[in-house]
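Since the model is a prediction, treat every value here as computed from it, not as a measurement. Proteins come first, then strands; the chains are lettered A, B, ... in the order of their sequence lines, and each starts at number 1.
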Number of protein chains: 2
Amino acid sequence: MKPAEPSNLTRDQRRERTRQVIVDAAWQLSRERGLTGWGLRDLGAQVGMRAPSLYVYFASKNALYDEMYAQGYRELRAVYESLRTGDLGAEAQVRTGARMFFQFAVADSARLQLLFLRVIPSFVPSATSYALASEVLAELSQSLRAAGVIDPAALDIWTAMLTGLATQQVSNDPGGSRWADVVDRTVDILLAGTRLA
Amino acid sequence: MKPAEPSNLTRDQRRERTRQVIVDAAWQLSRERGLTGWGLRDLGAQVGMRAPSLYVYFASKNALYDEMYAQGYRELRAVYESLRTGDLGAEAQVRTGARMFFQFAVADSARLQLLFLRVIPSFVPSATSYALASEVLAELSQSLRAAGVIDPAALDIWTAMLTGLATQQVSNDPGGSRWADVVDRTVDILLAGTRLA
DNA sequence: GTCTATAAATGGATAGAC
DNA sequence: GTCTATCCATTTATAGAC
């Protein structure tokens, strides 16, 4: 018996807190060594545990990836919610949203790969987690509709553009701003080209 | 002594041929199991060798990736060369080039990841291989300039768009045509937006 | 809930016989 | 040029003591 944590919490709360500590450590390792560049031993060491103890909190490494995936999309959803709560007009919302998405995506290339590319062959997001991703996409769709971009094909162009800019930035100019510098201009071009299609 | 190959070839020719067989097998495994989903044992088995024998032809697994990378860009360069040789006008060349790039990229998602994304943390293309990539980019740049897209920032928008469309297609609609269907429209939009910037 | 011990496999890579 | 044998590290995951 050595929880080492404030124990005026329920068992479930303590468990959830530990899960979060593990997920945070996994993100940190992913940022440092890449999404697949660490093992459960390393992760355990990071949180002061041996690898087998992690199985108390996650059924497998892929289950852990799934939680990271879900959490990543929850963070992105929060970004869009903060946007919607603001008092920006429809077009400004699209403009700011694009900048924020880009910033979100390039801030963590491991997260970019997990959320938007299919980099781990064995990992497929669970139905629940994938639903979160769809929710965020719906948010983007909504935002674009409000600005006059109404057809579904145009939405696909926007997602390609946004992920493309971010991917190019982290792949071909990490730490720089080559693609960051063209985000606004690209938004202008797409707005002009996809409105009232 | 058991070459099992027609021996009216020089030693270097036989060596080069075997290297090619290995690279082809590596591509096949990458397509089937993902870029990192196979080991040297599997690769050896695929070409009728034990893993250690592969070291006669490649210094390391990353050296093999490097050859795959170079070969991928040589194939892409060939695509653009066939385009330049045709009798298309500048704008038609951009339009056809975009379609061909998209087709090339989605035809093999492992190749897409190796050539355009940074998916294997330990792999960095050699200077020689990277020069090939630059050559192909210059080709694209040339093609766009001829069509009136002259500023470097616009080129960055185009590469983001092209890779973004392909990545979305293989990540979110593999086997489908959701993003394939918007390539032409996207080219129109970008041509309208980046010409004579 | 955490540990040790270990399974069972796989990883890339090297030595040295033939 | 290919092999066997092997190294040494590492992987995810499980069993069972505490």
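D12(A) has its CG atom 14 Å from the C1' atom of dG1(C), to the nearest Å. I22(A) has its CD1 atom 12 Å from the C1' atom of dT2(C), to the nearest Å. Atoms CE (M49(A)) and C1' (dT4(C)) sit 16 Å apart, rounded to a whole Å. Rounded to a whole Å, the CZ atom of R50(A) is 12 Å from the C1' atom of dA5(C). Spacing between atom CG of L29(B) and atom C1' of dT10(C) amounts to 15 Å, rounded to whole angstrom units. L43(B) places its CG atom 11 Å from the P atom of dG11(C), with the value rounded to the nearest Å. Put simply, CZ on R15(A) is 14 Å from C1' on dT2(C), counting in whole angstrom units. One interatomic measurement links the two molecules: CG of L54(B) to P of dT2(D), which rounds to 9 Å at whole-angstrom precision.
Note on F58(A): nothing from the nucleic acid sits closer than 4.0 angstrom, heavy atoms only.
Each salt bridge (charged side-chain N to carboxylate O under 4.0 Å, His left out) pair with one or both residues in residues 123-138 of chain B, not counting sequence neighbours, appears once here: R77(B)-E135(B). Applying the ring pair (Phe, Tyr, Trp, His ring centres under 6.0 Å) test to residues at least two apart or on different chains, none of the pairs has a partner in residues 142-184 of chain A.
Under the 3.5 Å distance criterion, the side-chain polar atoms of Q169(B) are matched with a main-chain donor or acceptor of A180(B).
Salt bridge annotation for R195(A)-E91(A): present, with a cationic side-chain nitrogen under 4.0 angstrom from a carboxylate oxygen. Between D24(B) and R19(B) there is no salt bridge, since none of the side-chain N atoms of the basic residue sits less than 4.0 Å from a carboxylate O of the acidic one. The pair R95(B)-D184(B) does not meet the salt-bridge criterion, since no charged nitrogen lies less than 4.0 angstrom from a carboxylate oxygen.
For S53(A) and dG1(C), the shortest distance from a side-chain N or O to OP1 or OP2 is not below 4.0 Å.
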What does nucleotides 8-15 of chain D look like as a protein-contact string, B for base, S for sugar-phosphate only, - for none, at under 4.0 angstrom between heavy atoms?
---BBBB-

